[in-house]
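Here the structure comes first, spelled out in structure tokens, and everything after it is commentary.
Just so it is clear, the structure is predicted and the values come from calculations on it, not from any experiment.
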Amino acid sequence: MSSVITVSRSFCTALFLCALGWAALRAQTANPPAKKQAIAHRGASAYRPEHTEAAYRLAMDQKVDFVEQDLGVTRDGQLICIHDDTLERTTNAAEVFPDRSTTIALGPGKPAKHWLVADFTLADIKRLDAGKWFKPEYAGARLLTFQEAIDLVRAHSGFGMYPELKSPQLYKSRGIDQVKLFVDAVKKNGLEKPESLKKTPVIIQSFDEEAIRRVSVDLPTIPRVFLTSNDADVTDARMRTLATFATGIAPEKFVIARHPDMVARAHAAGLTVTSWTFRSDEKTDYPTVAAEMSHFLYDLGIDALFTNNPDLFPRR
């Protein structure tokens, strides 16, 4: 008799565990984990000159989720896709305009000659070669305006845009309201409308808190990510504050590595977590950049990352 009771109890336990497993499976099917997102850092910038049409097209060919556009502003108020506040690193501005440099200290460095984006009109910048510095075969490539980038990405349904408001305080010091120009461009193109966001998702990013606060009011339908390299920004109190105007936080990867628990804490505060930048030409402790990305995505649990190598993004 006792053996029958034992068998019955075991059978019931097995049934119960099966039921739990089935319920868990159904829950996962109904609410699958959010897809990890790859953001092409300045386009597929490991393989093509950054912020050129070639870099953006290759990123989409490599099935990236978002293409990044760093934004500067020309002297005549046009938004242009360029990472630096200056032209000399990625164009031949010093050769074409040798007498139009400005001596200025940028960041902690000493004053030096720079060719500031804001000192040149769009017509000036369209004269510049933005490809030869990368490899001779890309000579003649041009930087894209934000409008050209919008048109290019929108022509390929399903890919998103990830514009960054670069140095709004620098532009403000020169009488340029970068944030307003950006908001106007977004609204002109209807990028903030729900029907557009379904076809062409947009996420706004900036290190500038004032800029993120402004777009949270002016463009409330578009997700907003606060960029940081500061450990102080991943405390619980600070992330609760960020969550009042941002939808995500993007710490540099070394910040997350030092505070891996911040991912769960950010999620608890209602923030997504993105990190940067993952690149095959950087020496790290990981055997490959794919292994590094995999660790941050699947072990530490971040939601998205910026990479120069979209083709190496580890999808599961």
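Here the side chains of E164 and L227 are in contact, with some heavy-atom distance below 4.5 Å. Counting only heavy atoms from C-beta outward, the side chains of Q205 and E68 approach each other to under 4.5 Å. Side-chain contact between T247 and L271 is absent, with no heavy-atom pair separated by less than 4.5 Å. Between M262 and P251, the closest side-chain pair of non-hydrogen atoms falls below 4.5 Å. Taking the side chain as every heavy atom from C-beta outward, E252 and T228 never approach each other to under 4.5 Å. Residues D65 and Y162 form no side-chain contact, since every pair of their non-hydrogen atoms from C-beta on lies 4.5 Å or further apart. Proximity of F306 to S275: side-chain heavy atoms (C-beta onward) are nowhere separated by under 4.5 Å. Between K166 and I82, the closest side-chain pair of non-hydrogen atoms is not below 4.5 Å.
The cationic atom of K253 (NZ for Lys, CZ for Arg) lies less than 6.0 Å from the six-membered ring centre of F278 and within 45° of the ring axis. In this structure, R316 forms a cation-pi arrangement with Y298, its terminal cationic atom sitting closer than 6.0 Å to the ring centre and no more than 45° off the ring axis.
No side-chain donor-acceptor contact under 3.5 Å links N189 to the backbone of L191. A donor-acceptor pair under 3.5 Å is absent between the side-chain atoms of D76 and the main chain of T121, judged by distance alone. Using a distance-only test at 3.5 Å, with no hydrogens or angles considered, a donor-acceptor pair links the side chain of T307 to the main chain of N309. A donor-acceptor pair under 3.5 Å is absent between the side-chain atoms of S216 and the main chain of P220, judged by distance alone. Side-chain N or O atoms of K36 include one that pairs as donor or acceptor with a backbone N or O of L297 at under 3.5 Å. In this structure a side-chain-to-backbone donor-acceptor pair under 3.5 Å is present from R224 to I222. With T241 contributing its side chain and A237 its backbone, the two residues share a donor-acceptor pair below 3.5 Å.
For the atom pair OG (S196) and NZ (K198), the distance works out to 11.5 Å, reported to the nearest 0.5 Å. Interatomic distance, OG1 of T145 versus CD of Q69, reported as 10.5 Å (0.5 Å rounding). Atom CD1 in I204 sits 11.0 Å away from atom CE in M161 (nearest 0.5 Å). Interatomic distance, R127 CZ to D124 CG, rounded to the nearest 0.5 Å: 7.0 Å. To the nearest 0.5 angstrom, K132 atom NZ is 7.0 Å from E95 atom CD. R48 contributes atom CZ, which lies 3.5 Å from atom OH of Y138 (distance to the nearest 0.5 angstrom).
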Start with the C-alpha distance between D299 and S294, add both sets of side-chain angles, then the distance that settles side chain to side chain contact (heavy atoms under 4.5 Å, CB included), and finish with yes or no.
-> CA-CA 7 Å; D299 298 332; S294 184; 5.8 Å; no
Working for side chain to side chain donor-acceptor pair (under 3.5 Å), residues N308 and E50 | CA-CA 9 Å; N308 294 6; E50 62 190 60; over 6 Å; no
Please assess R42 against H83 for the test side chain to side chain donor-acceptor pair (under 3.5 Å), listing each intermediate value before the final yes or no.
-> CA-CA 8 Å; R42 312 178 197 176; H83 174 268; 3.2 Å; yes
Take T200 and F159, measure what side chain to side chain contact (heavy atoms under 4.5 Å, CB included) needs, and give me the verdict at the end.
-> CA-CA 6 Å; T200 308; F159 295 100; over 6 Å; no
Run the salt bridge (Lys or Arg N to Asp or Glu O under 4.0 Å) check on K180 and D184 step by step: do they pass?
-> CA-CA 6 Å; K180 184 179 186 305; D184 289 348; 2.8 Å; yes
Step-by-step side chain to side chain donor-acceptor pair (under 3.5 Å) determination, T272 to D303 | CA-CA 6 Å; T272 61; D303 305 292; 4.9 Å; no
Given side chain to side chain donor-acceptor pair (under 3.5 Å), test T235 with R265 step by step and report yes or no.
-> CA-CA 9 Å; T235 64; R265 292 188 287 105; over 6 Å; no
Show the numbers, then the answer: is there a salt bridge (Lys or Arg N to Asp or Glu O under 4.0 Å) between E209 and R214?
-> CA-CA 9 Å; E209 181 172 330; R214 283 181 65 184; over 6 Å; no
For the pair D218 and K187, evaluate salt bridge (Lys or Arg N to Asp or Glu O under 4.0 Å) and give the outcome as yes or no after the intermediate values.
-> CA-CA 10 Å; D218 295 338; K187 290 184 174 180; 5.6 Å; no
Please test L300 against H295 for side chain to side chain contact (heavy atoms under 4.5 Å, CB included), starting from the C-alpha separation and ending with a verdict.
-> CA-CA 6 Å; L300 300 185; H295 173 66; 3.7 Å; yes
Check the pair L305 / F313 against side chain to side chain contact (heavy atoms under 4.5 Å, CB included), numbers first and verdict last.
-> CA-CA 9 Å; L305 56 79; F313 186 79; 3.8 Å; yes
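Taking both residues in full, the closest heavy atoms of L312 and M293 are given as O-CE, 3.3 Å, listed atom of the first, atom of the second, then distance. Closest non-hydrogen pair, L58 versus Y47, comes out as CD2-CB, 3.6 Å. Considering every non-hydrogen atom in both D231 and R258, the closest pair reads OD1-NH2, 2.6 Å. For A130 against T52, the heavy-atom pair with the smallest separation is O-CG2, 3.9 Å. Scanning both residues, T221 and L197, for their nearest heavy atoms gives O-CD1, 3.6 Å. Here the closest non-hydrogen pair linking F226 and F207 is CE1-O, 3.4 Å.
Ion pairing of E148 with R142 is absent here, as no side-chain N (NZ or NE/NH1/NH2) approaches a carboxylate O to less than 4.0 Å. Contact check on D61 versus R57 returns no salt bridge, with no Lys/Arg side-chain nitrogen under 4.0 Å from an Asp/Glu carboxylate oxygen.
Under the 4.5 Å side-chain heavy-atom criterion for ILVMFWY residues, a single connected hydrophobic cluster contains both L181 and I150. In the hydrophobic cluster analysis, where Ile, Leu, Val, Met, Phe, Trp and Tyr join through side-chain heavy atoms closer than 4.5 angstrom, W276 is grouped apart from I256. Both L79 and L152 belong to a single network of hydrophobic side chains, linked directly or stepwise wherever heavy atoms of I, L, V, M, F, W or Y lie under 4.5 Å apart. The hydrophobic clustering, which links ILVMFWY residues whose side-chain heavy atoms are closer than 4.5 Å, places F134 and L128 apart. V179 and I80 fall within a single hydrophobic cluster, where Ile, Leu, Val, Met, Phe, Trp and Tyr side chains are chained together by heavy-atom contacts under 4.5 Å.
Taking H259 as the reference, nothing meets the ring pair (Phe, Tyr, Trp, His ring centres under 6.0 Å) condition, with sequence neighbours excluded.
Using cut-offs of 30° and 60° for the angle between ring planes, the F120 and F97 rings count as tilted.
Only one option out of L143, D84, V117, T86 pairs with T91 in a side-chain contact (heavy atoms from CB on, under 4.5 Å); it is L143. Each of D208, I212, D70, V215 was compared with L165 under the side-chain contact (heavy atoms from CB on, under 4.5 Å) criterion, and only V215 meets it.
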If you look only at distance, which donor and acceptor atoms sit under 3.5 Å apart when one is on a side chain in residues 102-114 and the other is two or more places apart or in another chain?
from, atom 1, to, atom 2, distance (Å)
T102, OG1, D119, OD2, 2.8
H114, ND1, E88, OE2, 2.6

